[in-house]
Amino acid sequence: MYIWGVEMLELCNITLHYGQSQILNGVSLNAEKGKVTCLMGTNGVGKTSLLKAISGTHSHSDGSYKLNGKEQGISSAHILAKRGVGYVPQGRDIFPLMTVQENLETGFACLDKSDAIVPEQIFELFPILKQMKNRRGGDLSGGQQQQLAIARTLITRPKLLLLDEPTEGIQPNIIKQIGDVISYLKDQGDMAILLVEQYFEFAYDLADHFYAMQRGQIVLNCSKAKIKKQELLSTLSV
């Protein structure tokens with residue numbers, strides 16, 4: 001039974017470096033089950049770096065990282081995936097020479113053998129993938145590849161879903177389909193969704209809570225109910 005207000009993700013004072021450069025400076029952020037938390041900001045402020053830190057793709061150097069109340073420390077991407085962190089990166093990272101079915105099955109890597117199946121629900125959410133199961137990933141359109149990337153991550157049964165710019169370069173009809181899937185996943189109530197998105201209207205429609213970043217720091221932390229649309233836009237344009 002879902003209990004409203006349970007923090008799936010709790011970050012406190014996360015710091016991250018690339019070489020000598022400090023990319024994140026004391027970032028604190030929470031994401032709740034049954035909610036879409038949107039992280040916004042202009043290019044280069046550290047949004048993707050934060051998702052990489054949460055997914056284990058790039059290790060943070062300091063701070064506390066709790067998943068479902070348990071401290072994660074410095075953990076690899078594979079371990080965090082097994083613990084329920086699903087990451088859909090910017091650029092999708094599908095395998096172009098593998099079929100759609102084979103791409104989906106790469107999600108089995110962090111599952112027990114008994115769970116290594118592609119649920120029919122995946123094809124209900126993304127019907128085009130069922131039609132194209134035997135087509136190579138590289139032959140899909142950008143929008144179809146994005147659907148495949150999200151579907152592959154959902155196969156891992158994430159408790160925390162990280163989405164990095166899911167609408168980038170996508171045609172409007174598929175943007176709507178992706179928005180509908182995110183809304184559906186939110187309504188199930190057992191997953192926290194952290195969305196990084198530049199397309200303001202898409203993000204605003206979906207989000208329950210907003211964070212905004214500037215220069216590797218959080219400069220806004222507010223629920224949708226407590227901030228006016230124009231005020232949010234003004235913060236993002238600074």
Side-chain angles (χ1 to χ4, degrees), residues 4-18 21-55 57-58 60-67 85-91 146 150 160-170 172 175-176 178-183 185-187 191-238:
W4 188 258
V6 174
E7 305 287 1
M8 178 55 68
L9 173 69
E10 298 173 80
L11 303 180
C12 184
N13 292 322
I14 294 293
T15 300
L16 184 147
H17 293 82
Y18 284 122
S21 299
Q22 184 165 329
I23 308 300
L24 300 177
N25 182 16
V27 171
S28 297
L29 177 150
N30 293 347
E32 293 184 14
K33 290 181 182 178
K35 287 189 178 182
V36 174
T37 301
C38 189
L39 178 62
M40 306 184 81
T42 57
N43 286 331
V45 298
K47 305 185 303 296
T48 292
S49 295
L50 181 59
L51 292 195
K52 287 182 176 180
I54 297 168
S55 68
T57 308
H58 192 292
H60 61 280
S61 54
D62 201 5
S64 172
Y65 171 6
K66 292 182 180 179
L67 189 65
V85 179
Y87 178 37
V88 183
Q90 189 176 24
Q146 185 66 69
I150 297 171
L160 170 67
L161 179 63
L162 310 173
L163 297 167
D164 195 356
E165 303 281 4
T167 71
E168 186 178 41
I170 306 301
I175 288 176
K176 183 182 183 307
I178 289 172
D180 289 344
V181 168
I182 294 172
S183 293
L185 295 172
K186 177 177 88 166
D187 290 345
M191 181 189 299
I193 300 170
L194 180 57
L195 170 67
V196 166
E197 184 54 61
Q198 296 265 26
Y199 179 11
F200 181 84
E201 294 298 334
F202 178 84
Y204 190 81
D205 286 346
L206 287 169
D208 300 287
H209 198 99
F210 295 101
Y211 288 87
M213 288 187 74
Q214 292 176 9
R215 299 180 182 179
Q217 295 181 304
I218 299 294
V219 295
L220 180 141
N221 170 7
C222 192
S223 70
K224 184 176 180 178
K226 293 183 178 180
I227 189 167
K228 293 180 179 179
K229 192 173 186 179
Q230 193 57 47
E231 183 183 352
L232 181 60
L233 273 169
S234 297
T235 300
L236 297 171
S237 64
V238 172

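Worth knowing before you read on, the calculation uses all heavy atoms, side chains too, and leaves out hydrogens, waters and symmetry mates.
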Query raised in the report: Looking at residues at least two apart in the chain, or sitting in another chain, which of them share a ring pair (Phe, Tyr, Trp, His ring centres under 6.0 Å) with Tyr211?
Result: His209
**Report entry** Results of ring pair (Phe, Tyr, Trp, His ring centres under 6.0 Å) for Phe200 - residues two or more places apart only
**Finding:** Tyr204
Can you see which heavy atom on [X] is nearest to which on [Y], and at what distance?
X      : Y      : answer
Glu10  : Asn30  : CA-OD1, 3.4 Å
Ile175 : Ile170 : CD1-O, 3.3 Å
Tyr87  : Ser55  : CD2-OG, 3.5 Å
Ala203 : Phe210 : O-CE2, 4.2 Å

Tell me if a side-chain donor or acceptor on [X] pairs with a main-chain N or O of [Y] at a distance below 3.5 Å.
X      : Y      : result
Thr37  : Leu194 : no
Glu165 : Gln198 : yes
Asp208 : Val36  : yes

Euclidean distance, [Y] [atom2] relative to [X] [atom1], rounded to 0.5 Å:
X      : Y      : atom1 : atom2 : answer
Leu162 : Thr48  : CG    : OG1   : 11.0 Å
Met40  : Leu220 : CE    : CG    : 10.0 Å
Leu16  : Leu50  : CG    : CG    : 8.5 Å

Report task. Take Met213 and Val219 through the side chain to side chain contact (heavy atoms under 4.5 Å, CB included) test and state the conclusion after the steps. Result -> CA-CA 6 Å; Met213 288 187 74; Val219 295; 6.0 Å; no
Report task. Verify side chain to side chain contact (heavy atoms under 4.5 Å, CB included) between Leu206 and Ser183, making sure each step is shown before the conclusion. Result -> CA-CA 7 Å; Leu206 287 169; Ser183 293; 3.2 Å; yes
Tell me whether [X] at atom [atom1] has more than 12 heavy atoms from other residues, nucleotides or ligands lying less than 6.0 Å away.
X      : atom1 : answer
Lys224 : NZ    : yes
Lys52  : NZ    : no
Lys229 : NZ    : yes

Requested in this report: Test Glu197 against Lys47 for salt bridge (charged side-chain N to carboxylate O under 4.0 Å, His left out), laying out the working first.
Outcome: CA-CA 9 Å; Glu197 184 54 61; Lys47 305 185 303 296; over 6 Å; no
